[in-house]
Amino acid sequence: KVEEDYTSIPHLDLSQYKLIKNENGEYAIPENATGKFAEEQIEVIYYYEEKQIPLKVHHYIEGTEEKVPLKDGTEAEDIVKGGKENEEYTTEAISGEKLSEEYELIEIPENANGTYTGDEVIVTYYYRRKAKVITHHYLEGTEEKITIEGVEVEDEIQTGKIGDTFTTKVYENLPEYYENTSSSEITSGRYTEETIEVIYYYKLKEYNYRVEYYYNDQKDEEATEKGKEEYGKEIVGYVSKPKEGYKFKILQSGMTLMSG
């Protein structure tokens, strides 16, 4: 009846639309949402907009909800965006330029690309630690790296997919004064989930040397001494062999074994 009170209520349970909000983040309720009936027809208008369906993209380590590491030391953050019902969306894996070198993408999820539907779209990319083989080059009986011209030979790292085959070998540019003596039991095989460590052992070759004695510039073969030492060792322990009637002239010492 005229002058009776009325109250209108907006629809807040629509699946595809939502009531718009004002600049203060409050629902936009028309001024005549409530009032009194009049002789003229009263129109109360609520305005709605199509809902945005949220899209979340995760980048997790295989079998977990742990974020995969990136090259810069941080973790891959979730990507959140949205779209309207039936709009198309696309997602992508972390690029090789950003992803930690220790991880690789397992596969592209089936819903990596599609259309917005339902209440929410969740896309999850899974990554796994790369299968790895580390090859060490050590001095025999130690865990000391061999050196070449004063520089340590760095470990060699190979990566691959679990189940793929790998091979290793003696250090490629091994100088002639080193020789390979042994290696760990496994030097080839297939990549596994665990890191495989391969060790090659080396030793410095031994070389013959002679200490010669000269009397009046004539070599005395009987006095000559022979020995054997490893590469790079300085020979200093000479034995003095004086003879009656001779005096010492010169000692050419500090000989270092450099080759065969």
Side-chain angles (χ1 to χ4, degrees), residues 57-78 91-113 122-207 228-233 257 259-260:
V57 183
H58 305 297
H59 298 279
Y60 290 155
I61 295 173
E62 182 181 23
T64 74
E65 291 186 359
E66 296 179 27
K67 297 174 181 178
V68 70
L70 303 178
K71 281 183 180 177
D72 63 6
T74 63
E75 296 177 336
E77 294 298 328
D78 295 338
T91 67
E92 58 184 18
I94 299 172
S95 69
E97 295 179 355
K98 294 182 178 180
L99 184 64
S100 166
E101 293 182 354
E102 293 189 354
Y103 286 85
E104 64 183 357
L105 176 69
I106 297 176
E107 62 183 4
I108 303 293
E110 291 183 359
N111 66 338
N113 303 312
I122 297 178
V123 179
T124 304
Y125 289 86
Y126 286 104
Y127 303 78
R128 65 185 168 206
R129 188 181 291 273
K130 289 180 181 178
K132 184 187 298 185
V133 174
I134 304 175
T135 303
H136 308 285
H137 300 282
Y138 290 157
L139 285 173
E140 187 177 37
T142 74
E143 291 187 359
E144 296 179 27
K145 297 177 181 179
I146 63 173
T147 59
I148 298 175
E149 296 181 354
V151 179
E152 289 185 341
V153 171
E154 293 300 321
D155 297 335
E156 297 170 350
I157 299 177
Q158 301 178 67
T159 58
K161 294 183 178 179
I162 295 172
D164 285 355
T165 59
F166 73 88
T167 59
T168 63
K169 59 184 178 181
V170 172
Y171 187 65
E172 188 171 5
N173 298 314
L174 191 68
E176 59 89 20
Y177 50 80
Y178 274 115
E179 61 181 333
N180 171 233
T181 57
S182 62
S183 65
S184 52
E185 184 177 350
I186 297 176
T187 57
S188 62
R190 294 185 180 276
Y191 288 100
T192 64
E193 292 183 359
E194 302 297 325
T195 296
I196 298 171
E197 295 196 48
V198 177
I199 303 175
Y200 287 93
Y201 291 103
Y202 307 82
K203 71 174 184 179
L204 291 165
K205 289 181 181 178
E206 291 186 337
Y207 294 99
K228 198 172 190 178
E229 289 290 354
E230 67 181 27
Y231 174 85
K233 184 167 183 179
L257 293 176
S259 64

(message) For the NZ atom of Lys71 and the OG atom of Ser95, what is their distance to the nearest 0.5 Å?
(response) 8.0 Å
(request) Can you see which heavy atom on Thr64 is nearest to which on Glu66, and at what distance? (result) OG1-N, 3.0 Å
(message) Pairing donors with acceptors under 3.5 angstrom, does anything connect the side chains of Tyr127 and Ser100?
(response) no
(message) Working to the nearest 0.5 angstrom, can you tell me the gap between Thr192 OG1 and Phe166 CZ?
(response) 8.0 Å
(message) Could you walk me through whether Glu104 and Lys161 satisfy the side chain to side chain contact (heavy atoms under 4.5 Å, CB included) test, starting with their C-alpha distance in whole Å, then the side-chain angles of each, then the deciding distance to 0.1 Å, before giving a yes or no?
(response) CA-CA 9 Å; Glu104 64 183 357; Lys161 294 183 178 179; 4.0 Å; yes
(message) Can you tell me how the ring of Tyr60 sits relative to the ring of Tyr126, calling it parallel under 30°, perpendicular over 60° and tilted otherwise?
(response) tilted
(message) Could you check whether any side-chain heavy atom of Tyr171 comes within less than 4.5 Å of a side-chain heavy atom of Glu156, counting everything from C-beta outward?
(response) yes
(request) For the residue pair Lys203 and Glu230, establish whether any side-chain heavy-atom pair is separated by less than 4.5 Å. (result) no
(message) I need the minimum non-hydrogen distance between Thr168 and Thr135, along with the two atoms involved.
(response) CG2-OG1, 3.3 Å
(request) Flag the pair Ile61 / Pro69 as yes when at least one side-chain heavy-atom distance between them is below 4.5 Å, and no otherwise. (result) yes
(message) Can you confirm whether Asn173 sits close enough to Ile148 that some side-chain heavy atom of one is under 4.5 Å from a side-chain heavy atom of the other?
(response) no
(message) Using a strict threshold of under 4.0 Å (side-chain N to carboxylate O), is an ion pair present between Glu154 and Lys145?
(response) yes
(request) Considering non-hydrogen atoms only, spot the tightest contact between Thr91 and Ala112 and give its length. (result) OG1-O, 2.6 Å
(request) Please round to the nearest 0.5 Å and tell me the distance separating atom CG of Asp155 and atom NE2 of His137. (result) 7.5 Å
(request) Looking only at non-hydrogen atoms, find the nearest pair between His59 and Ala76 and report the distance. (result) CB-CB, 3.9 Å
(request) Give a yes or no on whether the backbone of Glu101 and the side-chain of Lys130 come within a donor-acceptor separation of less than 3.5 Å. (result) yes
(request) Look up atom CD in Glu62 and atom CG in Leu105, then write down how far apart they are to the nearest 0.5 Å. (result) 10.5 Å
(request) Check Ile106, Ile94, Ile108, Val68 against Tyr125 for a side-chain contact (heavy atoms from CB on, under 4.5 Å) and give me the one that passes. (result) Ile108
(request) Let me see the working for Glu92 and Val57 under side chain to side chain contact (heavy atoms under 4.5 Å, CB included), right down to the final yes or no. (result) CA-CA 9 Å; Glu92 58 184 18; Val57 183; over 6 Å; no
(message) Treating Lys205 as the side-chain partner and Glu176 as the backbone partner, does any N or O pair qualify as donor plus acceptor under 3.5 Å?
(response) yes
(message) I'd like to know if the side chain of Gln158 reaches the main chain of Thr167, judged simply by a donor and an acceptor atom lying under 3.5 Å from each other, with no hydrogens or angles considered.
(response) yes
(message) Rounded to the nearest 0.5 Å, what separates atom OH in Tyr200 from atom CD1 in Ile146?
(response) 12.5 Å
(request) Check Tyr191 against Thr165 and note the closest heavy-atom contact, atom names and distance. (result) CE1-O, 3.7 Å
(message) For the CD atom of Glu77 and the CG atom of Leu70, what is their distance to the nearest 0.5 Å?
(response) 8.5 Å
(message) For the backbone of Ile122 and the side chain of Asn111, can you confirm whether one donor and one acceptor N or O come within less than 3.5 Å of each other?
(response) yes
(request) Over all heavy atoms of both residues, which pair between Ile196 and Arg190 is shortest? Give the atoms and the distance, please. (result) CD1-O, 3.6 Å
(message) Between Glu102 and Lys132, does any side-chain N to carboxylate O distance fall below 4.0 Å?
(response) yes
(request) Verify, without hydrogens or angle tests, whether Asn180 (side chain) and Ser182 (backbone) share a donor-acceptor contact under 3.5 angstrom. (result) yes
(request) Assess whether atom NZ of Lys98 is packed by more than 12 heavy atoms of other residues, nucleotides or ligands within 6.0 Å. (result) no
(request) Measure the acute angle between the ring planes of Tyr202 and Tyr178, then classify it against the limits of 30° and 60° as parallel, tilted or perpendicular. (result) perpendicular
(message) Tell me if the CD1 atom of Ile186 is crowded by more than 12 foreign heavy atoms within 6.0 Å.
(response) no
